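Written out below as structure tokens is the structure these notes cover.
Since the model is a prediction, treat every value here as computed from it, not as a measurement.
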Amino acid sequence: MFKKLIALFVLFSAANLLMADFKALEQEYRKLYKEKKLDECIAKCEEAFQEAGSERDKWETFFYRYNSYMRLKKYDEAIKMAAEAQKMPKYAWRGSILQIQCLMRQHKYEEALTALKQEDTKDWPDNAKVQYYWEVGNANLYGRNYDEALKNYEQGMALTSKTYWKINFIRQTGNALLRKKEFDKAIEKYKEALALPGLDDNAKCDMYNSIGKAYDSQKKYAEAVEAYLEGAKCANAHGRRVPNSLVQAARSLIISGDNDKALELYKQALKHEKCDAGLKKYIESRIDKLEK
């Protein structure tokens, strides 16, 4: 009996040591990933995998390696990581989703759709099915299968009560309708998404700009300008979204004959702190033309 207790103690101690080793390595690869030292992160993940005691820990090493390969645009290696994850029963569906996302990143929409159709999702949890319909919907949207995309977004919406997903499904529904040139329906969807809580300025700005495009396409330039200027109020939007909203509003004003107001907006966009070199060059050319 005493010998059995000693053996159990040794096993328990060894397991704790392995766990401690993995946790140390986990902290290291997470830090390397955050610092964008991606090749080093991959190497550290491979080392951590050897010390991983649970399926969850193994999954995380695959996940970090996958994301590192994706950021390095080493897509074949990323697909291999997704395939390894698919061998783990608990995380198989996540591996499938990663594979699809990798194909989508490469604009291989038909290949992504083929892979998605081969998935047997009947035993997937609802949160996995929501992700599935999101991915297949996007593959159809970018593959120009708009009616199928609309159907997929509706299927995903039916499975979730989370505001995050509702916003995204409604927004993508708007994008599909916009591409179908069903402009009023698209505007309706964007406004529905904008009314939901939790939207960041990036999403708000993008949707106001999409509303502006829908109005422009119907030659409703006053409404388009109003939408673009709402987008320009989203001060925390990343990149050149805000100055681009001002530029879009200026274009609509020119078409409607208000060159003075357009010139004012171009100058406002030119002074904006997030106006990059490429956009500045374009704006300067438009200002020169208007001032002649």
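The closest side-chain heavy-atom distance from Met70 to Tyr66 is below 4.5 Å. Contact annotation: the side chain of Ile97 approaches that of Glu135 to within less than 4.5 Å [non-hydrogen atoms, C-beta and beyond]. You'll find the side chain of Asn145 stays beyond 4.5 Å of the side chain of Tyr109, heavy atoms only. Contact of the Lys151 side chain with the Glu154 side chain is not registered, since no non-hydrogen atoms from C-beta on lie closer than 4.5 Å. Using a 4.5 Å heavy-atom threshold, the side chains of Glu28 and Leu25 count as touching. Residues Lys80 and Arg65 are not in side-chain contact: their nearest non-hydrogen atoms beyond the backbone lie 4.5 Å or more apart. The closest side-chain heavy-atom distance from Tyr142 to His107 is not below 4.5 Å. At least one side-chain heavy atom of Trp93 sits under 4.5 Å from a side-chain heavy atom of Pro125.
Between Lys44 and Glu47 there is a salt bridge, since at least one side-chain N of the basic residue sits less than 4.0 Å from a carboxylate O of the acidic one. Classification of Glu55 and Arg94 as a salt-bridged pair fails, no side-chain N sitting under 4.0 Å from a carboxylate O. A salt bridge does not link Asp216 to Arg251: none of the charged side-chain nitrogens sits closer than 4.0 Å to a carboxylate oxygen. In summary, Lys23 and Glu26 engage in a salt bridge, as defined by a charged side-chain N under 4.0 Å from a carboxylate O. Glu264 has no carboxylate O lying under 4.0 Å from a charged side-chain N of Lys267, or vice versa, which leaves the two without a salt bridge.
Hydrophobic cluster membership differs between Tyr132 and Met88, with clusters built from Ile, Leu, Val, Met, Phe, Trp and Tyr side chains linked at under 4.5 angstrom. Taken together through direct or relayed side-chain contacts under 4.5 Å among Ile, Leu, Val, Met, Phe, Trp and Tyr, Leu98 and Leu113 form parts of separate hydrophobic clusters. By the criterion of side-chain heavy atoms lying less than 4.5 angstrom apart, applied directly or through intervening Ile, Leu, Val, Met, Phe, Trp or Tyr residues, Ile100 is grouped together with Trp124 in one hydrophobic cluster. Linking Ile, Leu, Val, Met, Phe, Trp and Tyr whenever their side-chain heavy atoms come within less than 4.5 Å leaves Leu229 and Tyr215 in two separate clusters. The cluster map of Ile, Leu, Val, Met, Phe, Trp and Tyr, joined by side-chain heavy atoms under 4.5 Å apart, puts Ile170 and Trp134 in the same cluster.
Classification of the Phe169-Tyr153 ring pair by plane angle, with boundaries at 30° and 60°, yields tilted.
The 12-atom threshold is not exceeded at CZ of Arg144, counting heavy atoms of other residues, nucleotides or ligands nearer than 6.0 Å. Around the CG atom of Asp76, the shell of radius 6.0 Å holds no more than 12 heavy atoms that belong to other residues, nucleotides or ligands.
Rounding to the nearest 0.5 Å places CE of Met81 at 8.5 Å from CD1 of Ile42. To the nearest 0.5 Å, atom CD of residue Gln50 and atom NZ of residue Lys58 are 9.5 Å apart. Annotation: the span from Glu230 atom CD to Leu194 atom CG amounts to 9.5 Å, rounded to 0.5 Å. For the atom pair CD (Gln99) and CD (Gln86), the distance works out to 5.0 Å, reported to the nearest 0.5 Å. Here Asn67 contributes atom CG and Cys41 contributes atom SG; the two are 9.0 Å apart, rounded to the nearest 0.5 Å. Atom OG of Ser68 is separated from atom CG of Leu32 by 9.0 Å, given to the nearest 0.5 angstrom.
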What do the steps show when you test Glu182 against Lys185 for salt bridge (Lys or Arg N to Asp or Glu O under 4.0 Å), and what is the final call?
CA-CA 6 Å; Glu182 295 184 18; Lys185 288 182 180 179; 3.6 Å; yes
Go through the steps to decide whether Ile255 and Lys219 satisfy the test side-chain contact (heavy atoms from CB on, under 4.5 Å), and finish with yes or no.
CA-CA 9 Å; Ile255 295 170; Lys219 299 183 180 180; over 6 Å; no
Verify side-chain contact (heavy atoms from CB on, under 4.5 Å) between Asp258 and Asp260, making sure each step is shown before the conclusion.
CA-CA 6 Å; Asp258 193 344; Asp260 290 340; 4.2 Å; yes
Ile187 and Lys220: CA distance, side-chain angles, deciding distance, side-chain contact (heavy atoms from CB on, under 4.5 Å) verdict:
CA-CA 13 Å; Ile187 291 166; Lys220 296 179 178 179; over 6 Å; no
Carefully, step by step, assess Glu84 and Thr61 under the rule side-chain contact (heavy atoms from CB on, under 4.5 Å).
CA-CA 11 Å; Glu84 288 299 316; Thr61 66; over 6 Å; no
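Remark: the Tyr29 side chain and the Glu60 side chain contain an N/O donor-acceptor pair separated by less than 3.5 Å. Using a 3.5 Å distance cut-off with no hydrogens or angles, the side chains of Asn140 and Asn152 do pair a donor with an acceptor. A donor-acceptor contact under 3.5 angstrom links the side chains of Asn175 and Gln172, judged on distance only.
A donor-acceptor pair under 3.5 Å links the side-chain atoms of Gln106 to the main chain of Cys102, judged by distance alone. For Lys274 (side chain) and Ala237 (main-chain N/O), a donor-acceptor pair under 3.5 Å exists by modelled atom type.
Connectivity analysis of hydrophobic side chains (ILVMFWY, heavy atoms under 4.5 Å, direct or indirect) links Leu270 to Val247, Ile254, Leu263, Tyr266, Leu279, Tyr282, Ile283, Ile287, Leu290. When hydrophobic residues (I, L, V, M, F, W, Y) are linked wherever their side-chain heavy atoms come within less than 4.5 Å, Tyr228 remains an isolated member. Hydrophobic cluster membership for Leu177: Leu150 (Ile, Leu, Val, Met, Phe, Trp, Tyr linked by side-chain heavy atoms under 4.5 Å, directly or transitively).
Put simply, the residue from Met207, Arg241, Lys204 that forms a side chain to side chain contact (heavy atoms under 4.5 Å, CB included) with Cys234 is Lys204. The only option from Phe22, Phe62, Phe63 that meets the ring-ring contact (aromatic ring centres under 6.0 Å, His included) definition with Phe49 turns out to be Phe62.
Across all their heavy atoms, Ser252 and Val225 have their closest contact at CB-CG2, 3.6 Å. The heavy-atom pair separating Gly231 from Ser245 by the smallest distance is C-OG, 3.8 Å. The heavy-atom pair separating Ala235 from Asp201 by the smallest distance is N-OD2, 3.4 Å.
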